[in-house]
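The block underneath contains the structure these notes are about, expressed in structure tokens.
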Protein chains: 2
Amino acid sequence: MAGETGGVNQALGESLPIIRRSLHDEVVSRVRDLIIEGVLAPGARVHEGNLCDKLGVSRTPLREALKVLASEGLIELMPNRGAMVRRPTPPEVLDTLTVLGEMEALAAKLVCARAGDADIAEVRAIHMRMLDCFARRDRLEYFKLNQSVHSAIVRLSGNRVLAATHDTLQARIKRVRFLGNEREENWHRAVAEHEEMIAALEARDARRLGRALRAHMENAWQRVRDAL
Amino acid sequence: MAGETGGVNQALGESLPIIRRSLHDEVVSRVRDLIIEGVLAPGARVHEGNLCDKLGVSRTPLREALKVLASEGLIELMPNRGAMVRRPTPPEVLDTLTVLGEMEALAAKLVCARAGDADIAEVRAIHMRMLDCFARRDRLEYFKLNQSVHSAIVRLSGNRVLAATHDTLQARIKRVRFLGNEREENWHRAVAEHEEMIAALEARDARRLGRALRAHMENAWQRVRDAL
DNA sequence: TTTTTGCATTTTGCATTAAAAATCATTGAT
DNA sequence: ATCAATGATTTTTAATGCAAAATGCAAAAA
């Protein structure tokens, strides 16, 4: 039986373990996106009944999803009083940025040691697309590509735990950071910092890249702090 | 009614916001402990019905708890096929140790800058108790205090995000690390490394402490790798 | 004897429902 | 008029029930 399945899979090109996501898993993704996109704003109360209707699922899978999102730090659960979209406090944002900066600095060390030319070219490509959005003043798309650059660097480190932890932390303050880039001068500086990052990456200079990433995070804090 | 409660709380010494943890929250803690203590061994299948009986709760809160534990990385959920206690792969253990080392190194920087004498004395106290357990060859208690030292250092950094993330990551490989300390010579070396850590901490030498912590993690990998 | 196919049992996934808790509004007392 | 208390409504929590899927076993065919 296992043999037959293997044969079929090979015939189909090795993919397809037949992806069957469970409902609660689907709901986690959907609600997470709603929060990150800002449809569910920070501080907003999350009403079980409403969301269930909106998503077309019953309350059990939704409740399971809310528990997971709470453990990711995106939602705050108040026992017997429902759920709220978490609004990170300023100290928490600072703490998160500090940790993110350190993780990316670690990633820098690993990437410079092991990434191939193709990998680095890939990051550069994202960067170029980002510059394009900057030129067109497409803030939303710019922002998404910006986050992609950071995620890509961390992913190329080859350390999956690092990548997963980084992305979870990044998601928590995504919303706040988006708001932080509103001022034109801030935006300008952020782009310049990214230029430096890419240059350091292409030079495979781990120390320089680490410095750039840490600095980028510190500056992100400056940009974000008055948006709080 | 609220007034009366407040009065009682004050009379009892300011604690007790009337701790009413929801059931699923309680279940998360209990099951997490069962995994970390090794009662639920890595690779073991987690049967909903059995656990429900054992814990005396119905399936709904248990299922919610399993989702949370899965997002913490302690449990693996196989859709329609139940849950398993996650057995970290060797690369995952290495990756986790790498990240933990870096986080503790970051903590070192922060701690040396801001911790008071009392704080450091507290860590030293845990360390001394740990040495005592080492002398008595009380492996379990030694191990718990060992983890406490690391958690304390990270907590004293004052960065709550760092502390929380660190502890979650630490929990994932707690079991494996416990097994790694079985060989007497390994145990000996680990104790020596802790001595160095404490010395560096008391000297408030952040670089030295960072080096010690990273080295400690690398050595932990050596100790653990053949236990896999 | 080995493999395969169909059936029975077990187990999970989700919805519904019942119970507990909180919020809100109204009423009565000071 | 204000505040507290009580009851009604809403909302969350947790248990139960039902349907779908997987596992294991046995019987039949190669």
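Below, read A as the first sequence line, B as the second, and so on, with proteins coming before strands; counting in each chain starts at 1. Hydrogens, waters and symmetry mates play no part in the numbers below; they use all other heavy atoms, side chains included.
Checking the phosphate oxygens (OP1, OP2) of C:dG13, no side-chain nitrogen or oxygen of A:His24 falls inside 4.0 Å.
Rounded to 10 degrees, the angle between the two end axes of the helix from C:dT1-D:dA30 to C:dT30-D:dA1 is 10°, with five pairs used at each end.
Atom CD in A:Glu64 sits roughly 10 Å away from atom P in C:dA15 (whole-Å rounding). Remark: C1' of D:dA15 and CG of B:Asp53 are 14 Å apart, rounded to the nearest angstrom. The nearest whole Å value for the distance from the CG atom in A:Asp25 to the C1' atom in C:dT12 is 15 Å. Regarding B:Leu77, its CG atom lies at a distance of 11 Å from the C1' atom of C:dT12, rounded to whole Å. At whole-Å resolution of the value, CG in A:Leu66 and P in D:dA14 are 14 Å apart. For the pair B:Leu62 CG and D:dA15 P, the interatomic distance rounds to 10 Å; values are reported in whole Å.
Scanning for side chain to side chain donor-acceptor pair (under 3.5 Å) contacts around A:Arg175 gives an empty result, with sequence neighbours left out. A:Asn186 is linked by a side-chain contact (heavy atoms from CB on, under 4.5 Å) to A:Arg183, A:Arg223, counting only residues two or more places apart in sequence or in another chain. Residues passing the side chain to side chain donor-acceptor pair (under 3.5 Å) test with A:Thr98, sequence neighbours excluded: none. By the side chain to side chain donor-acceptor pair (under 3.5 Å) test, B:Asn219 is found to be paired with B:Arg189, B:Glu193, residues two or more places apart in sequence or in another chain being considered. Under the rule for a side chain to side chain donor-acceptor pair (under 3.5 Å), the partners of A:Glu48 that lie at least two apart in sequence or sit in another chain are A:Arg59, A:Arg63. With sequence neighbours excluded, the residues forming a ring pair (Phe, Tyr, Trp, His ring centres under 6.0 Å) with B:His150 are B:His194, B:His216, listed by chain and number. In terms of the ring pair (Phe, Tyr, Trp, His ring centres under 6.0 Å) criterion, B:Trp221 has no residue partners (sequence neighbours excluded).
Only at 4.0 angstrom or more do the heavy atoms of residues 68-76 of chain B sit from any atom of DNA chain D, so none qualifies.
Among residue pairs with one or both ends in residues 153-178 of chain B, those qualifying as ring-ring contact (aromatic ring centres under 6.0 Å, His included) are B:Phe143-B:Phe178; sequence neighbours excluded.
Looking at heavy atoms from C-beta onward, A:Val149 lies in side-chain contact with A:Val123 at the 4.5 angstrom threshold. When side chains are defined from C-beta on, A:Gln147 counts as touching A:Lys174, because their heavy atoms get closer than 4.5 Å.
Remark: the B:Ser58 side chain and the D:dA14 base include no donor-acceptor N/O pair separated by less than 3.5 Å.
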Side-chain polar contacts of residues 157-164 of chain A - donor-acceptor pairs under 3.5 angstrom, sequence neighbours left out - could you list them?
{"from": "A:Ser157", "atom 1": "OG", "to": "A:Val154", "atom 2": "O", "distance (Å)": "2.6"}
{"from": "A:Ser157", "atom 1": "OG", "to": "A:Asn159", "atom 2": "N", "distance (Å)": "3.1"}
{"from": "A:Asn159", "atom 1": "OD1", "to": "A:Val161", "atom 2": "N", "distance (Å)": "3.1"}
{"from": "A:Asn159", "atom 1": "OD1", "to": "A:Leu162", "atom 2": "N", "distance (Å)": "2.9"}
{"from": "A:Asn159", "atom 1": "ND2", "to": "B:Asp95", "atom 2": "O", "distance (Å)": "3.3"}

Give me the distances for all protein-to-nucleotides 7-12 of chain D N/O pairs that come in under 3.5 Å?
{"from": "D:dT11", "atom 1": "OP1", "to": "A:His47", "atom 2": "NE2", "distance (Å)": "3.4"}

